[in-house]
Amino acid sequence: MDLDAEGKAVSTTELEVVNGIGRVVMDLPVTMEDRKQQHPTLCTMFSKVTKVWEWPVAFLLKLTIPSTLPTEWNKFYVCANICLCPLLLLYSFSSFIPFDSRIVFLLPQSRFPLWSVVLFVSISLALSHFIFEKEAPITENIASTTISFVMSVFWISTMAGELLNCLAAIGVIMDFPPAILGMTVLAWGNSVGDLVADVALAKSGQPTIAIAGCFAGPMFNMLVGLGTALVIQTARVYPKAYVLEFHVGIVVAFVFLLLSLMGTLLMVTWTRFRVPRFWGYCLMGLYILFTVVSIAIASSSG
């Protein structure tokens, strides 16, 4: 109804229906698209501005996150993924493996930095793929899907870390106590990646995976993350014992954690493994109470 007899768009539009007797003219309302074309609004200008700074970000993500759809296959982006993904993963593990550690490679009498060896191997693989790979894959590849997931987690973790650094800088400038920063800024910065992933999974219709991730993530941090940190620290001070300073905040955190876990276990069992909505509000209220109590203890202890 927005097209006239010649196939041109009619904006104000008058629709003319021609029959054997006469002609009927109907005034149609102006659509939103017509209004945007006639009078560019602030939203239209803002969307154009956002596209300007959105393009470099999207380009960087395409260079580092492989596409899993065969229809979006691009040889240039695939080669860039092969070249850049190993370096980014090596950078993410720089706390365990130094980025510039020297290793023997090809020449027995020479030691090269680890990043240069990884870059040389990845560039070689990228060139081989660019030369020998001619066609797009027919189906989705499990390897590219796995790498896409890993790199997505890397970018979420990186953005969370940068947000944490910004908030920590604000805390230092405003002279907040370190204990309060650890209970708020540090905790939120470490958990924002899990929060985004779990909410996205829940909205996509996968609540079971989201709930499993809520419990598996902190368990991994406590067992693997804390365990690795303690092993490294005790190895540094060996044969002396590593002394852990006691703080009442540790006891408070343990009590609230025990309450939340035991309460969730009892509630889920009582409701036959169906989590009611009000229990989510109870958990949020319990966390708010824990934050208030922890900040009060940290402020009183200086």
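FYI, side chains are in, hydrogens and waters are out, and symmetry mates aren't considered; it's all heavy atoms of this structure. Being a predicted model, the structure only gives us computed values, none of them experimental. Throughout, numbering of the chain's residues begins at 1 and tracks the sequence.
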Report task. For the pair S144 (side chain) and P66 (backbone), establish whether a donor and an acceptor sit closer than 3.5 Å, ignoring hydrogens and angles. Result -> no
Query raised in the report: S204 side chain to L201 main-chain N or O, any donor-acceptor pair under 3.5 Å?
Result: yes
Query raised in the report: Does one hydrophobic cluster hold both I82 and V118, with members joined at side-chain heavy-atom distances below 4.5 Å?
Result: yes
Query raised in the report: Is there a side-chain contact between Y77 and K75, using heavy atoms and a 4.5 Å cut-off?
Result: no
Query raised in the report: What residues form a side-chain contact (heavy atoms from CB on, under 4.5 Å) with L84, not counting sequence neighbours?
Result: L63, T64
**Report entry** Single-linkage hydrophobic cluster, 4.5 Å side-chain cutoff, V199 and V153 together
**Finding:** no
Report task. Look at atom CH2 of W155 and say whether more than 12 heavy atoms of other residues, nucleotides or ligands are closer to it than 6.0 Å. Result -> yes
Query raised in the report: Out of curiosity, S122 OG to L87 CG, how far, rounded to the nearest 0.5 Å?
Result: 5.0 Å
Query raised in the report: Would a 4.5 Å heavy-atom cut-off, applied to side chains only, mark M151 and C85 as touching?
Result: yes
Query - Common cluster, Y91/L61, ILVMFWY with side-chain heavy-atom separation under 4.5 Å - result: yes
Requested in this report: Could you please spell out the steps behind the side-chain contact (heavy atoms from CB on, under 4.5 Å) verdict for S67 and N81?
Outcome: CA-CA 9 Å; S67 178; N81 299 149; over 6 Å; no
Query raised in the report: How many angstroms lie between atom CG of L286 and atom OG of S260, to the nearest 0.5 angstrom?
Result: 6.0 Å
Query raised in the report: Got a sec, which residues hit side-chain contact (heavy atoms from CB on, under 4.5 Å) with V251, two or more places apart in sequence or on another chain?
Result: F246, V255
**Report entry** Results of side-chain contact (heavy atoms from CB on, under 4.5 Å) for R236 - residues two or more places apart only
**Finding:** I232, Q233
Query raised in the report: So F154 and V150, side-chain contact (heavy atoms from CB on, under 4.5 Å) or not? Walk me through it.
Result: CA-CA 6 Å; F154 165 78; V150 173; 5.7 Å; no
Query - Validation row: L283, T264 side chains within 4.5 angstrom (heavy atoms) - result: yes
Query raised in the report: So which residues get pulled into F220's cluster when ILVMFWY side chains under 4.5 Å apart are joined, directly or through others?
Result: V224
Query raised in the report: If we only count heavy atoms from C-beta on, is the L127 to C83 side-chain gap below 4.5 Å?
Result: no
Report task. Enter the distance from S128:OG to I123:CD1 here, rounded to the nearest 0.5 Å. Result -> 11.5 Å
Query raised in the report: Does the S294 side chain pair with the main chain of T291, one donor and one acceptor, at a distance under 3.5 Å?
Result: no
Requested in this report: Is it possible for you to say whether I147 and L60 belong to one hydrophobic cluster, with membership spreading through side-chain heavy-atom contacts below 4.5 Å?
Outcome: yes
Report task. Indicate if L89 and V78 have the same hydrophobic cluster label, given that clusters are the connected sets of ILVMFWY residues with side-chain heavy-atom separations under 4.5 angstrom. Result -> yes
Query raised in the report: Would a 4.5 Å heavy-atom cut-off, applied to side chains only, mark V121 and P86 as touching?
Result: no
Query raised in the report: By side-chain contact (heavy atoms from CB on, under 4.5 Å), which residues pair with T145, not counting sequence neighbours?
Result: T68
Query raised in the report: Does a side-chain heavy-atom distance below 4.5 Å link C282 with M267?
Result: no
Query raised in the report: Which pairs count as ring pair (Phe, Tyr, Trp, His ring centres under 6.0 Å) when at least one residue sits in residues 262-290, sequence neighbours excluded?
Result: F256-F290
